[in-house]
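Single-structure report; data block below.
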Amino acid sequence: MPDSRPPVDARALALRPHPVEAAPLDLTVAVRVLGPAHDGHWHLHYTLSGAIDLLRIPAPTTSGPADGLWRHTCMEAFVQDADGPAYREFNFSPSGQWAAYRFRTERAREPGGPPPAQGPDIRVEHGARSLTVRVRLPQVLLPDQPGAIGLTAVIETRDGTVSHWALHHPRPERPDFHHSAGWTHRSPQPPSPSVLPSA
(Lines give C-alpha, C1' and ligand atoms only; values in the text may rest on other atoms or scores of the structure.)
Protein backbone atom coordinates (compact mmCIF):
# COMPACT_ATOMS: atom_id res chain seq x y z
CA MET A 1 0.00 0.00 0.00
CA PRO A 2 1.40 3.47 -0.86
CA ASP A 3 2.64 5.48 2.10
CA SER A 4 0.05 8.20 2.79
CA ARG A 5 1.94 9.78 5.64
CA PRO A 6 2.78 13.44 5.10
CA PRO A 7 6.20 14.47 3.79
CA VAL A 8 8.68 16.06 6.14
CA ASP A 9 10.26 19.47 5.54
CA ALA A 10 8.76 20.24 2.14
CA ARG A 11 9.19 24.02 2.49
CA ALA A 12 10.57 25.81 -0.54
CA LEU A 13 13.85 27.47 0.47
CA ALA A 14 15.23 30.37 -1.58
CA LEU A 15 18.74 30.16 -2.95
CA ARG A 16 20.56 33.42 -3.77
CA PRO A 17 23.37 34.17 -6.21
CA HIS A 18 26.71 35.15 -4.71
CA PRO A 19 26.84 38.93 -3.94
CA VAL A 20 29.43 39.53 -6.67
CA GLU A 21 27.16 37.88 -9.26
CA ALA A 22 23.68 38.56 -10.62
CA ALA A 23 21.09 36.69 -12.68
CA PRO A 24 17.46 37.46 -13.67
CA LEU A 25 16.21 34.29 -12.02
CA ASP A 26 14.61 32.83 -8.91
CA LEU A 27 15.73 29.49 -7.53
CA THR A 28 14.12 27.49 -4.74
CA VAL A 29 14.66 24.00 -3.39
CA ALA A 30 12.53 21.81 -1.15
CA VAL A 31 13.96 18.85 0.75
CA ARG A 32 11.75 16.12 2.13
CA VAL A 33 11.86 12.60 3.46
CA LEU A 34 8.91 10.28 3.04
CA GLY A 35 7.83 7.56 5.43
CA PRO A 36 9.31 4.10 5.98
CA ALA A 37 7.62 2.65 2.90
CA HIS A 38 10.01 4.80 0.83
CA ASP A 39 13.11 3.59 2.68
CA GLY A 40 13.99 7.06 3.95
CA HIS A 41 15.10 8.33 0.54
CA TRP A 42 15.50 12.09 0.27
CA HIS A 43 13.57 14.03 -2.33
CA LEU A 44 15.01 17.34 -3.52
CA HIS A 45 12.97 19.59 -5.80
CA TYR A 46 14.90 22.46 -7.41
CA THR A 47 12.73 25.04 -9.21
CA LEU A 48 14.35 27.69 -11.38
CA SER A 49 12.12 30.40 -12.82
CA GLY A 50 12.63 33.53 -14.89
CA ALA A 51 14.68 34.04 -18.05
CA ILE A 52 15.16 30.34 -18.76
CA ASP A 53 15.75 31.02 -22.46
CA LEU A 54 19.03 32.74 -21.55
CA LEU A 55 20.45 29.61 -19.92
CA ARG A 56 22.73 26.90 -21.22
CA ILE A 57 21.08 23.71 -20.02
CA PRO A 58 22.84 20.36 -20.54
CA ALA A 59 20.97 18.16 -23.00
CA PRO A 60 19.43 14.89 -21.77
CA THR A 61 21.73 11.89 -21.94
CA THR A 62 22.10 8.45 -20.40
CA SER A 63 21.81 8.68 -16.64
CA GLY A 64 24.93 7.74 -14.70
CA PRO A 65 27.94 9.05 -12.78
CA ALA A 66 30.10 11.77 -14.36
CA ASP A 67 32.75 14.25 -13.22
CA GLY A 68 32.90 17.99 -13.87
CA LEU A 69 29.14 18.53 -13.83
CA TRP A 70 29.61 21.64 -11.67
CA ARG A 71 31.26 23.44 -14.57
CA HIS A 72 27.83 23.93 -16.16
CA THR A 73 24.22 24.26 -15.01
CA CYS A 74 23.97 21.82 -12.12
CA MET A 75 22.02 21.46 -8.88
CA GLU A 76 24.00 20.43 -5.81
CA ALA A 77 23.77 19.37 -2.18
CA PHE A 78 26.40 19.04 0.55
CA VAL A 79 25.58 16.80 3.51
CA GLN A 80 27.84 16.72 6.56
CA ASP A 81 28.15 13.78 8.94
CA ALA A 82 26.41 14.66 12.20
CA ASP A 83 29.70 14.58 14.12
CA GLY A 84 31.69 16.28 11.29
CA PRO A 85 33.95 17.21 9.66
CA ALA A 86 33.42 14.54 6.95
CA TYR A 87 30.78 15.29 4.32
CA ARG A 88 29.30 14.24 1.00
CA GLU A 89 28.88 16.32 -2.16
CA PHE A 90 26.18 15.54 -4.72
CA ASN A 91 25.84 17.02 -8.21
CA PHE A 92 22.62 16.66 -10.20
CA SER A 93 22.72 17.73 -13.85
CA PRO A 94 19.58 18.42 -15.92
CA SER A 95 21.20 15.99 -18.38
CA GLY A 96 20.37 13.15 -15.97
CA GLN A 97 24.01 12.62 -15.01
CA TRP A 98 25.10 12.83 -11.38
CA ALA A 99 28.11 12.71 -9.09
CA ALA A 100 28.59 11.61 -5.47
CA TYR A 101 31.82 12.43 -3.63
CA ARG A 102 33.09 11.86 -0.08
CA PHE A 103 35.38 14.26 1.78
CA ARG A 104 37.28 13.67 5.04
CA THR A 105 37.58 17.40 5.73
CA GLU A 106 37.17 20.56 3.68
CA ARG A 107 38.16 19.73 0.07
CA ALA A 108 40.12 16.64 1.21
CA ARG A 109 38.40 14.13 -1.06
CA GLU A 110 38.52 10.43 -0.33
CA PRO A 111 39.81 8.20 -3.13
CA GLY A 112 37.07 7.24 -5.54
CA GLY A 113 35.81 3.68 -5.49
CA PRO A 114 33.48 1.88 -7.88
CA PRO A 115 30.24 3.73 -8.72
CA PRO A 116 27.40 2.94 -6.30
CA ALA A 117 24.96 0.28 -7.45
CA GLN A 118 22.07 2.66 -6.88
CA GLY A 119 22.41 6.29 -7.95
CA PRO A 120 20.09 9.30 -7.77
CA ASP A 121 17.01 9.34 -9.96
CA ILE A 122 16.73 12.71 -11.75
CA ARG A 123 13.58 13.95 -13.48
CA VAL A 124 13.47 17.26 -15.35
CA GLU A 125 10.56 19.46 -16.40
CA HIS A 126 11.55 22.23 -18.80
CA GLY A 127 9.04 24.98 -19.62
CA ALA A 128 9.25 28.42 -21.24
CA ARG A 129 9.66 30.16 -17.88
CA SER A 130 10.74 27.41 -15.51
CA LEU A 131 13.07 24.48 -15.05
CA THR A 132 12.35 21.89 -12.36
CA VAL A 133 14.88 19.24 -11.38
CA ARG A 134 13.42 16.53 -9.14
CA VAL A 135 15.91 14.25 -7.45
CA ARG A 136 15.33 11.04 -5.52
CA LEU A 137 18.48 10.53 -3.47
CA PRO A 138 18.85 6.98 -2.12
CA GLN A 139 19.50 6.72 1.60
CA VAL A 140 22.47 4.42 0.92
CA LEU A 141 24.42 7.40 -0.51
CA LEU A 142 23.89 9.55 2.58
CA PRO A 143 25.83 9.58 5.86
CA ASP A 144 24.45 7.23 8.51
CA GLN A 145 23.64 10.28 10.63
CA PRO A 146 23.26 13.34 8.38
CA GLY A 147 23.89 16.72 9.92
CA ALA A 148 24.21 20.17 8.32
CA ILE A 149 23.14 20.57 4.70
CA GLY A 150 24.32 23.00 2.05
CA LEU A 151 21.89 23.52 -0.84
CA THR A 152 23.56 25.05 -3.86
CA ALA A 153 23.51 25.36 -7.64
CA VAL A 154 25.65 26.49 -10.54
CA ILE A 155 23.75 28.27 -13.32
CA GLU A 156 25.34 28.93 -16.72
CA THR A 157 24.01 31.31 -19.38
CA ARG A 158 24.36 30.88 -23.13
CA ASP A 159 27.29 33.32 -23.21
CA GLY A 160 29.22 31.17 -20.72
CA THR A 161 28.64 33.36 -17.65
CA VAL A 162 28.33 31.27 -14.48
CA SER A 163 26.55 32.23 -11.26
CA HIS A 164 26.78 30.37 -7.94
CA TRP A 165 23.65 30.01 -5.80
CA ALA A 166 23.31 28.97 -2.16
CA LEU A 167 21.19 29.40 0.95
CA HIS A 168 24.10 31.32 2.47
CA HIS A 169 27.43 32.54 1.10
CA PRO A 170 30.03 32.60 3.91
CA ARG A 171 32.75 34.31 1.84
CA PRO A 172 31.77 37.77 0.50
CA GLU A 173 34.75 37.90 -1.86
CA ARG A 174 34.10 34.65 -3.75
CA PRO A 175 31.77 31.64 -3.88
CA ASP A 176 32.82 28.67 -1.76
CA PHE A 177 30.33 25.81 -1.51
CA HIS A 178 32.75 23.67 0.52
CA HIS A 179 32.85 26.11 3.45
CA SER A 180 30.74 24.51 6.19
CA ALA A 181 29.53 27.92 7.42
CA GLY A 182 27.33 27.97 4.31
CA TRP A 183 25.54 24.75 5.25
CA THR A 184 22.65 26.32 7.11
CA HIS A 185 19.93 23.75 6.54
CA ARG A 186 19.42 20.82 8.90
CA SER A 187 18.82 17.18 8.15
CA PRO A 188 15.15 16.27 7.65
CA GLN A 189 13.95 13.24 9.56
CA PRO A 190 11.32 10.71 8.43
CA PRO A 191 7.97 10.73 10.20
CA SER A 192 7.79 8.77 13.41
CA PRO A 193 5.17 6.00 13.18
CA SER A 194 4.28 6.55 16.85
CA VAL A 195 3.00 10.09 16.23
CA LEU A 196 1.31 9.69 12.86
CA PRO A 197 -2.04 8.16 11.95
CA SER A 198 -1.94 4.78 10.27
CA ALA A 199 -2.06 4.68 6.48
Side-chain angles (χ1 to χ4, degrees), residues 12-31 42-79 87-103 106-110 112 115-116 118-138 141-142 149-179 182-183 185:
L13 305 168
L15 273 60
R16 305 293 183 198
H18 189 271
V20 302
E21 303 168 339
L25 301 162
D26 291 308
L27 178 56
T28 61
V29 57
V31 182
W42 286 17
H43 295 252
L44 300 93
H45 293 182
Y46 298 82
T47 303
L48 188 62
S49 57
I52 302 298
D53 58 326
L54 299 180
L55 303 184
R56 180 177 292 167
I57 300 172
T61 189
T62 302
S63 178
D67 286 321
L69 299 176
W70 51 270
R71 294 187 174 93
H72 305 285
T73 297
C74 179
M75 310 307 169
E76 302 183 355
F78 292 77
V79 184
Y87 63 96
R88 316 282 174 96
E89 175 188 353
F90 301 100
N91 300 165
F92 313 114
S93 173
S95 70
Q97 294 179 306
W98 52 269
Y101 305 112
R102 296 183 181 214
F103 294 82
E106 185 174 337
R107 297 188 182 276
R109 183 174 162 188
E110 294 183 2
Q118 184 180 19
D121 178 56
I122 301 172
R123 305 295 173 92
V124 178
E125 299 172 13
H126 189 181
R129 297 287 297 174
S130 67
L131 175 74
T132 300
V133 179
R134 301 179 186 273
V135 180
R136 178 177 170 272
L137 184 59
L141 297 180
L142 294 160
I149 302 171
L151 298 170
T152 62
V154 175
I155 306 299
E156 183 183 23
T157 59
R158 290 183 182 274
D159 65 4
T161 301
V162 172
S163 57
H164 300 81
W165 297 66
L167 288 173
H168 174 65
H169 294 279
R171 295 187 186 275
E173 71 280 9
R174 62 180 175 85
D176 186 355
F177 292 163
H178 287 261
H179 196 306
W183 305 341
H185 196 50

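Nothing here was measured: the structure is a model prediction, and the numbers come from that model.
- Nearest heavy atom pair, residue Thr152 against residue Ala166, reads CG2-CB, 3.9 Å.
- Atom NE2 of residue His168 and atom CG of residue Leu15 lie 12.5 Å apart, to the nearest 0.5 angstrom.
- Interatomic distance, Arg56 CZ to Thr157 OG1, rounded to the nearest 0.5 Å: 7.5 Å.
- Summarising the geometry of Val124 relative to Pro94, their closest heavy-atom pair is CG2-O, 3.5 Å, with the distance given to 0.1 Å.
- Between Phe90 and Phe92, the angle of the ring planes stays under 30°, which puts this pair in the parallel group of the 30/60° scheme.
- Once rounded to the nearest 0.5 Å, the distance linking CG of Asn91 with OH of Tyr101 reads 5.5 Å.
- The main-chain N or O of Arg16 is found under 3.5 Å from a side-chain atom of His169 such that the two form a donor-acceptor pair.
- A salt bridge does not link Arg129 to Asp26: none of the charged side-chain nitrogens sits closer than 4.0 Å to a carboxylate oxygen.
- The shortest side-chain heavy-atom distance between Val162 and Val154 falls under the 4.5 Å cut-off.
- Separation of atoms CZ (Phe78) and CD (Glu89) is listed at 3.5 Å; rounding is to 0.5 Å.
- Counted within 6.0 Å of CZ on Arg123, heavy atoms from surrounding residues, nucleotides or ligands total 12 or fewer; the atom is thus considered open.
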Q) Step by step, would you call Val135 with His43 a side-chain contact (heavy atoms from CB on, under 4.5 Å)? A) CA-CA 6 Å; Val135 180; His43 295 252; over 6 Å; no
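- Within the 4.5 Å cutoff, the side chain of Ser63 has no heavy atoms near those of the Ile122 side chain.
- The two atoms that bring Leu167 and Ala14 nearest to each other are CD2-O, 3.4 Å, heavy atoms only.
- Under a 3.5 Å cut-off, the side chain of Trp183 and the backbone N or O of Phe177 do form a donor-acceptor pair.
- Using a 4.5 Å heavy-atom threshold, the side chains of Leu55 and His72 count as separate.
- Checked options Arg102, Glu106, His178; the residue passing with Tyr87 is His178 (criterion: side chain to side chain donor-acceptor pair (under 3.5 Å)).
- How far CG of Leu27 is from CD1 of Ile155: 5.5 Å, rounded to the nearest 0.5 Å.
- The shortest side-chain heavy-atom distance between Thr47 and Val29 does not fall under the 4.5 Å cut-off.
- Using a 4.5 Å cut-off on side-chain heavy atoms (C-beta onward), Pro116 and Leu141 make contact.
- Between the side chain of Tyr46 and the backbone N or O of Ala30 there is no donor-acceptor pair closer than 3.5 Å.
- Contact check for Arg158 versus Leu54: no side-chain heavy atoms found under the 4.5 Å cut-off.
- Side-chain atoms of Leu13 and His185, non-hydrogen and from C-beta on, do get closer than 4.5 Å to each other.
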Q: Test side-chain contact (heavy atoms from CB on, under 4.5 Å) on Asp121 and Trp98 and set out the steps.
A: CA-CA 9 Å; Asp121 178 56; Trp98 52 269; over 6 Å; no
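- Judged by distance alone, the side chain of His18 and the main-chain N or O of Arg171 form a donor-acceptor pair under 3.5 Å.
- When all heavy atoms of Trp165 and Ala23 are compared, the closest pair comes out as CZ2-CB, 3.7 Å.
- A pairwise comparison of heavy atoms in Glu156 and Arg71 identifies OE1-O, 4.3 Å as the closest pair.
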Q.
side chain to side chain donor-acceptor pair (under 3.5 Å), that's the test. Do Ser163 and Glu21 meet it? Break it down for me.
A. CA-CA 6 Å; Ser163 57; Glu21 303 168 339; 5.0 Å; no
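- Rounded to the nearest 0.5 Å, atoms CD1 (Ile57) and SG (Cys74) are 12.5 Å apart.
- Scanning both residues, Ile52 and Ser130, for their nearest heavy atoms gives CG1-N, 3.4 Å.
- In this structure, Ser95 and Pro60 have side chains that are not in contact, with every pair of non-hydrogen atoms separated by 4.5 Å or more.
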Q | Candidate pair Glu125 and Arg134, rule salt bridge (charged side-chain N to carboxylate O under 4.0 Å, His left out), full reasoning | A | CA-CA 8 Å; Glu125 299 172 13; Arg134 301 179 186 273; 3.2 Å; yes
